[in-house]
Amino acid sequence: MDFPIASLERIFEQGDLVIPSFARRKVWTLSQNSQFLESLLLNIPVPSLFFAEDPDTYKYSVLDGTQRLDAVLSYIKGEYPLQGLVGLHSANGLKFSELPEQMRRHLLACTMRAVIVAASSTSDVTTEVFSRINAGGTHLTTQEIRNAAHQGPFNSLTIELASSDEFRRALGVSSGGIKIIRDAELVLRYFWLTEDTVDSMPSPQLLTHYLQRKNESSLEVIQEYRASFATTLDKCLIAFEGEVFRRWLPVQGKAESRISAPLYYAQMLAVRTLSASMIAQNSTRIRLGMRELFGNPEFRGTFTAAGKHHLAMRVNLIVEMIESVAR
């Protein structure tokens, strides 16, 4: 669909055009913004936008094109003057309200083409669309696509938990929009693994379908998931302290600086149903026991594959270790 810029501005102000939370940061410079506006004013073709249509509200969620939209909408709001124009020297230094009336009218009438993933489309269609875009150089991650295309309370919960101070501390990273989106997948995968009916590691497609289902959860259920994750993370931080989610290197006598996703899942699942008081009373012995586990060839061998069987072995060995040191 071809949208006149005036229409894009209107539906954005009405709240019918949504830029997802933690969308990619604004990285364009003032000159890049200006050059994009100049392309529009000179009727030079610009890349298409990509929207996803919400099946419940029929609002559009921006999947790709945030930078372009921001350049246009913020200029119309008068947030910056044009600069560095090559073909329209007369517009250099002018904000939107300072442009000649004919130029303002022309800009508002300019169209931007949007490819819309319809509400009736499956999540698989959305994923396929973005695999094609990625091939062209946009390189959106699967989790970024989920965040944009499947807005809902459960998606918001994964972002909330991934951005919490406790989780950022456990991961050893600072806050950052795109990083939080990617780490939200760690939260989402953990929830998947807590389901009793799950007997395999999730594929990207299955994880997307899981998110869609969970987005239909009630607020009470969402709160249960929130409390469960926070409680489990607290137990991990108490049990493993600064070595949480990090493999111990026996030869070097220290833990790796980066987290291990397989160990993250295993430690979270291992302590999930264990007593918080028991963990707190034995935290030092648990941490030393975790180090000893990495000297066990059987335990180290569980990291050689990503299957659910290896994860179950990893979890069981950690649980057995914790229960043994707590006796």
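What you are looking at is a predicted structure, and each value in this text was computed from that prediction instead of being measured.
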Taking distance alone, no hydrogens or angles, what donor-acceptor pairs closer than 3.5 Å link side-chain atoms of residues 253-260 to residues at least two apart or in another chain?
| unit_1 | atom_1 | unit_2 | atom_2 | d |
| --- | --- | --- | --- | --- |
| Ser260 | OG | Arg247 | NE | 3.4 |
| Ser260 | OG | Leu263 | N | 3.3 |

Table please: side-chain donor-acceptor pairs of residues 99-107 below 3.5 Å, with sequence neighbours left out.
| unit_1 | atom_1 | unit_2 | atom_2 | d |
| --- | --- | --- | --- | --- |
| Glu101 | OE2 | Arg105 | NE | 3.1 |
| Glu101 | OE2 | Arg105 | NH2 | 3.1 |
| Arg104 | NH1 | Leu99 | O | 2.6 |
| His106 | NE2 | Leu41 | O | 3.1 |
| His106 | NE2 | Asn43 | OD1 | 3.4 |

Could you list the donor-acceptor pairs under 3.5 angstrom formed between side-chain atoms of residues 317-326 and any protein atom two or more places apart in sequence or on another chain?
| unit_1 | atom_1 | unit_2 | atom_2 | d |
| --- | --- | --- | --- | --- |
| Ser324 | OG | Glu320 | O | 3.2 |
| Ser324 | OG | Met321 | O | 2.7 |

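Closest approach of Asn155 and Thr158 over heavy atoms only: O-OG1, 2.7 Å. Considering all non-hydrogen atoms of both residues, Arg246 and Gly172 come closest at NH2-N, 3.6 Å. Residues Leu85 and Ala91 share a closest heavy-atom pair of CD1-CB, 3.7 Å. Of all non-hydrogen atoms in Leu157 and Ile222, the two that sit nearest each other are CD2-O, 3.8 Å. Scanning both residues, Ser34 and Tyr80, for their nearest heavy atoms gives OG-CE1, 4.2 Å. Closest approach of Pro153 and Ser217 over heavy atoms only: CG-O, 4.3 Å.
For residues 278-298, the pairs satisfying salt bridge (charged side-chain N to carboxylate O under 4.0 Å, His left out) are Glu241-Arg287, Glu243-Arg291, with sequence neighbours left out. Within the structure, no pair that satisfies the side chain to side chain donor-acceptor pair (under 3.5 Å) test touches residues 227-237, not counting sequence neighbours. A salt bridge (charged side-chain N to carboxylate O under 4.0 Å, His left out) check over residues 152-161, counting only residues at least two apart or in different chains, returns the pairs Glu160-Arg226. Each side chain to side chain donor-acceptor pair (under 3.5 Å) pair with one or both residues in residues 86-100, not counting sequence neighbours, would appear here, but there are none.
By the ring-ring contact (aromatic ring centres under 6.0 Å, His included) test, Phe294 is found to be paired with Phe299, Phe303, residues two or more places apart in sequence or in another chain being considered. Partners of Tyr190 under the ring-ring contact (aromatic ring centres under 6.0 Å, His included) rule, at least two apart in sequence or in another chain, are Phe229. For Ala261, the side chain to side chain contact (heavy atoms under 4.5 Å, CB included) partners two or more places apart in sequence, or in a different chain, are Leu186, Tyr265. The ring-ring contact (aromatic ring centres under 6.0 Å, His included) test applied to Phe12 returns no partner, not counting sequence neighbours. Applying the salt bridge (charged side-chain N to carboxylate O under 4.0 Å, His left out) test to Arg189 and every residue at least two apart in sequence or in another chain returns Glu185.
From Ile279, atom CD1 reaches atom CG of Leu274 across 5.0 Å, with rounding to the nearest 0.5 Å. For the atom pair OG of Ser275 and CG of Asn282, the computed distance is 9.5 Å after rounding to the nearest 0.5 Å. The CG atom of Leu161 lies 12.0 Å from the CG atom of Asp183; values are rounded to the nearest 0.5 Å. We find the CD-CD1 distance between Glu53 and Ile116 to be 7.0 Å, quoted to the nearest 0.5 Å. We find the CG-CG distance between Asp64 and Leu49 to be 8.0 Å, quoted to the nearest 0.5 Å. Here the CD-CG distance, from Glu166 to Leu237, works out to 7.5 Å after rounding to the nearest 0.5 Å.
In this structure, Ile286 and Ile238 have side chains that are not in contact, with every pair of non-hydrogen atoms separated by 4.5 Å or more. At least one side-chain heavy atom of Gln267 sits under 4.5 Å from a side-chain heavy atom of Phe240. Contact check for Phe51 versus Val62: side-chain heavy atoms found under the 4.5 Å cut-off. Residues Met290 and Leu293 meet the side-chain proximity criterion, which asks for heavy atoms closer than 4.5 Å. You'll find the side chain of Thr194 stays beyond 4.5 Å of the side chain of Met268, heavy atoms only. Within the 4.5 Å cutoff, side-chain heavy atoms of Lys214 are placed close to those of Tyr225. The closest side-chain heavy-atom distance from Gln143 to Leu188 is below 4.5 Å. At least one side-chain heavy atom of Leu82 sits under 4.5 Å from a side-chain heavy atom of Tyr75.
Connection of Met313 to Trp248 is not established within any shared hydrophobic cluster, with ILVMFWY side chains joined at heavy-atom distances below 4.5 Å, either directly or through further cluster members. When hydrophobic clusters are built by joining Ile, Leu, Val, Met, Phe, Trp and Tyr residues whose side-chain heavy atoms come closer than 4.5 Å, directly or via intermediates, Leu288 is not grouped with Met278. By the criterion of side-chain heavy atoms lying less than 4.5 angstrom apart, applied directly or through intervening Ile, Leu, Val, Met, Phe, Trp or Tyr residues, Val46 is grouped together with Leu30 in one hydrophobic cluster.
Side chain of Arg168 to main chain of Ala162: a donor-acceptor pair is present (N/O by atom type, distance under 3.5 Å, no hydrogens or angles). Looking only at distances, no side-chain donor or acceptor of Gln35 sits under 3.5 Å from a matching main-chain atom of Gln32.
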* Asked: Hey, mind stepping through Phe50 and Val117 against side-chain contact (heavy atoms from CB on, under 4.5 Å) and telling me if it holds?
  -> CA-CA 8 Å; Phe50 281 79; Val117 180; 5.6 Å; no
* Are Lys308 and Leu193 close enough, and set up right, to give a side-chain contact (heavy atoms from CB on, under 4.5 Å), and what steps lead you there? -> CA-CA 9 Å; Lys308 188 69 183 292; Leu193 292 169; 4.1 Å; yes
* To do: Start with the C-alpha distance between Gln205 and Thr208, add both sets of side-chain angles, then the distance that settles side-chain contact (heavy atoms from CB on, under 4.5 Å), and finish with yes or no.
  => CA-CA 5 Å; Gln205 184 184 66; Thr208 298; 5.8 Å; no
* Evaluation steps, side-chain contact (heavy atoms from CB on, under 4.5 Å), between Tyr58 and Asp16 -> CA-CA 8 Å; Tyr58 290 94; Asp16 292 327; over 6 Å; no
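The pair Arg213-Glu195 fails the salt-bridge criterion, with no side-chain N (NZ, NE, NH1 or NH2) lying under 4.0 Å from an Asp/Glu carboxylate O.
Using the six-membered ring where Trp is involved, Phe245 and Tyr264 have ring planes that are perpendicular, over 60° apart on the 30 and 60° scheme.
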